[in-house]
**Student:** 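Let me begin by handing over the structure; questions about it come next.
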Amino acid sequence: GAGADIADPTLRALLTALEAELAELGAELTVDLLTAVDATTIDDDELVVIANLCRNAGESGARRVLMVMCADHEGVHLVVDDDGPGVDAA
């Protein structure tokens, strides 16, 4: 699954749940970890952000959702990219 290789059990559980949720919406979640993300690296607020960004992509019609995450001395860096229609220009 999307989070199978992730050491942090909370993040792994979230990504497994998101993978199932997105599959029900017809979308596939792909996770690319550029560095190890352990349990001390990511906090609950960041987990909420990850969940919201991935869910929003699936609920907006995306069929592919890519989450790229890396951690360094400055913190956790996250990109969620998808093939959905996007937001209309204002």
Side-chain angles (χ1 to χ4, degrees):
D5 296 332
I6 297 173
D8 179 343
T10 305
L11 179 57
R12 186 174 56 244
L14 172 65
L15 293 175
T16 299
L18 284 170
E19 184 176 35
E21 287 180 40
L22 291 174
E24 288 181 14
L25 296 170
E28 178 183 3
L29 176 63
T30 302
V31 176
D32 187 358
L33 295 180
L34 300 178
T35 59
V37 178
D38 61 34
T40 62
T41 305
I42 191 160
D43 63 30
D44 289 346
D45 290 338
E46 291 164 331
L47 291 171
V48 170
V49 169
I50 292 167
N52 287 342
L53 290 172
C54 291
R55 283 186 185 117
N56 288 348
E59 291 171 355
S60 298
R63 295 294 164 240
R64 282 180 271 146
V65 180
L66 170 64
M67 187 193 85
V68 179
M69 180 184 294
C70 67
D72 61 21
H73 65 280
E74 294 180 7
V76 175
H77 307 277
L78 173 72
V79 174
V80 175
D81 189 30
D82 65 76
D83 64 352
V87 178
D88 291 335

**Student:** Any idea which heavy atoms bring L25 and G58 closest together, and the distance?
**Tutor:** CD1-C, 3.7 Å
**Student:** What distance separates L18 CG from N52 CG, expressed to the nearest 0.5 Å?
**Tutor:** 9.5 Å
**Student:** Knowing that exactly one of D81, V79, V80, V65 qualifies, which makes a side-chain contact (heavy atoms from CB on, under 4.5 Å) with L53?
**Tutor:** V80
**Student:** Report the distance from atom CE of M69 to atom CG of D32, rounding to the nearest 0.5 Å.
**Tutor:**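 Rounded to the nearest 0.5 Å, the CE-CG separation comes to 11.0 Å.
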**Student:** Are V48 and M67 co-members of a hydrophobic cluster defined by side-chain heavy atoms under 4.5 Å apart?
**Tutor:** no
**Student:** For a side-chain contact (heavy atoms from CB on, under 4.5 Å) check, start with the C-alpha distance between T10 and L14, then their side-chain angles and the critical distance, and finish with the verdict.
**Tutor:** CA-CA 6 Å; T10 305; L14 172 65; 5.8 Å; no
**Student:** Calculate, to the nearest 0.5 Å, the distance between atoms CZ and CG belonging to R63 and D83 respectively.
**Tutor:** 8.0 Å
**Student:** Roughly how far, to the nearest 0.5 Å, is the OG1 atom of T30 from the CG atom of D82?
**Tutor:** 11.5 Å
**Student:** Please report the closest heavy-atom contact between A62 and A27, naming both atoms and the distance.
**Tutor:**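 For A62 and A27, the tightest heavy-atom pair comes out as O-CB, 3.3 Å.
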**Student:** Could you measure the distance from the CG atom of D43 to the CD atom of E46? Nearest 0.5 Å is fine.
**Tutor:**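 The CD atom of E46 is 4.0 Å from CG of D43, to the nearest 0.5 Å.
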**Student:** For the CG atom of L22 and the CG atom of L15, what is their distance to the nearest 0.5 Å?
**Tutor:** 10.0 Å
**Student:** If we only count heavy atoms from C-beta on, is the I50 to L78 side-chain gap below 4.5 Å?
**Tutor:** yes
